[in-house]
Amino acid sequence: MVAPASTLTGRRDHLLPTAPALQPLFPDAALRRGSIVGVSGTGATSLLLALLAAPNAAGAWCAAVGLDSLGLLAAEGAGVDLQRFVLVPDPGPDWPTIVAALLDAFEVVALRPPSRPAAAAQRRLAARVRERRRALLVLPDH
């Protein structure tokens, strides 16, 4: 199912909701639209799910790409509404194109790149994030 026009796009602010416990991690106490955020370390997947849950609960459509071991039950347990969540566990070698397309439709996209993208692909994805005012959460590759 293709995501409908976002319910949060009409908001005037440049911030996406963030769980209160995570607000101290961000300068504006929230995820900024048009930003790329690295998520790493012990518990990175749990942190990623917590970052997805608040915007999702507020009506945002979210996607996860390249997280082949992500359990939907765990996502739901973290507060992600699976009716507004898409998982692309194995995007294949053309994953930058898939992520770019998802950034057109989803407000928050989580990504574990299956391979290191070329510099030009990195620049195109970063530009897409800024232009579409999306949040891209990036976990380090395997």
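The first residue in the sequence is number 1, and the count goes up from there. This one's a predicted model, so the numbers in the text were calculated from it and none came from an experiment.
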*Write out all pairs satisfying side chain to side chain donor-acceptor pair (under 3.5 Å) with one or both partners inside residues 86-95, taking only residues at least two apart or from two chains.*
Asp94-Thr97, Trp95-Ser115
*Sequence neighbours left out, what pairs pass side chain to side chain donor-acceptor pair (under 3.5 Å) with at least one residue falling in residues 41-55?*
none
What's the spacing between [X] [atom1] and [Y] [atom2] if we round to 0.5 Å?
X	Y	atom1	atom2	result
Asn56	Trp61	CG	CH2	9.5 Å
Gln83	Glu76	CD	CD	9.5 Å
Leu52	Leu70	CG	CG	8.5 Å

Please name all residues satisfying side-chain contact (heavy atoms from CB on, under 4.5 Å) with [X], sequence neighbours left out, ordered by chain then number.
X	answer
Ala75	Leu49, Val80, Leu82
Ala126	Ile36, Arg130
Gln122	Arg116, Pro117

Taking all non-hydrogen atoms of both residues into account, name the closest pair between [X] and [Y] and its distance.
X	Y	answer
Arg32	Pro27	NH2-CB, 4.4 Å
Ala60	Arg84	O-NE, 3.7 Å
Leu67	Ala64	CD1-CB, 3.9 Å
Pro17	Ala54	O-CB, 3.6 Å
Gly92	Pro114	O-CG, 4.3 Å
Leu139	Ala44	CD2-CB, 4.3 Å

Using a 4.5 Å cut-off on heavy atoms from C-beta on, say whether the side chain of [Y] contacts that of [X].
X	Y	result
Glu107	Leu16	yes
Leu25	Leu22	yes
Cys62	Phe106	no
Leu137	Leu111	no

Under 3.5 Å, is there a donor-acceptor pair between the side chain of [X] and the main chain of [Y]?
X	Y	answer
Asp28	Ala30	no
Asp68	Pro89	no
Thr18	Leu31	yes

*asked:* List the residues meeting side-chain hydrogen bond (donor to acceptor under 3.5 Å, both in side chains) with Asp104, not counting sequence neighbours, and say none if there are none.
replied: Arg128, Arg132
*Can you check side chain to side chain contact (heavy atoms under 4.5 Å, CB included) on Arg112 and Val65, steps first, answer last?*
CA-CA 6 Å; Arg112 175 173 278 146; Val65 180; over 6 Å; no
*Determine, stepwise, if the pair Val108 / Arg134 fulfils side chain to side chain contact (heavy atoms under 4.5 Å, CB included).*
CA-CA 6 Å; Val108 184; Arg134 306 303 193 206; over 6 Å; no
_Under the criterion side chain to side chain contact (heavy atoms under 4.5 Å, CB included), I'd like the reasoning laid out for Leu136 against Val37: C-alpha separation, chi angles, the key distance, then a yes or no._
CA-CA 6 Å; Leu136 180 63; Val37 177; over 6 Å; no
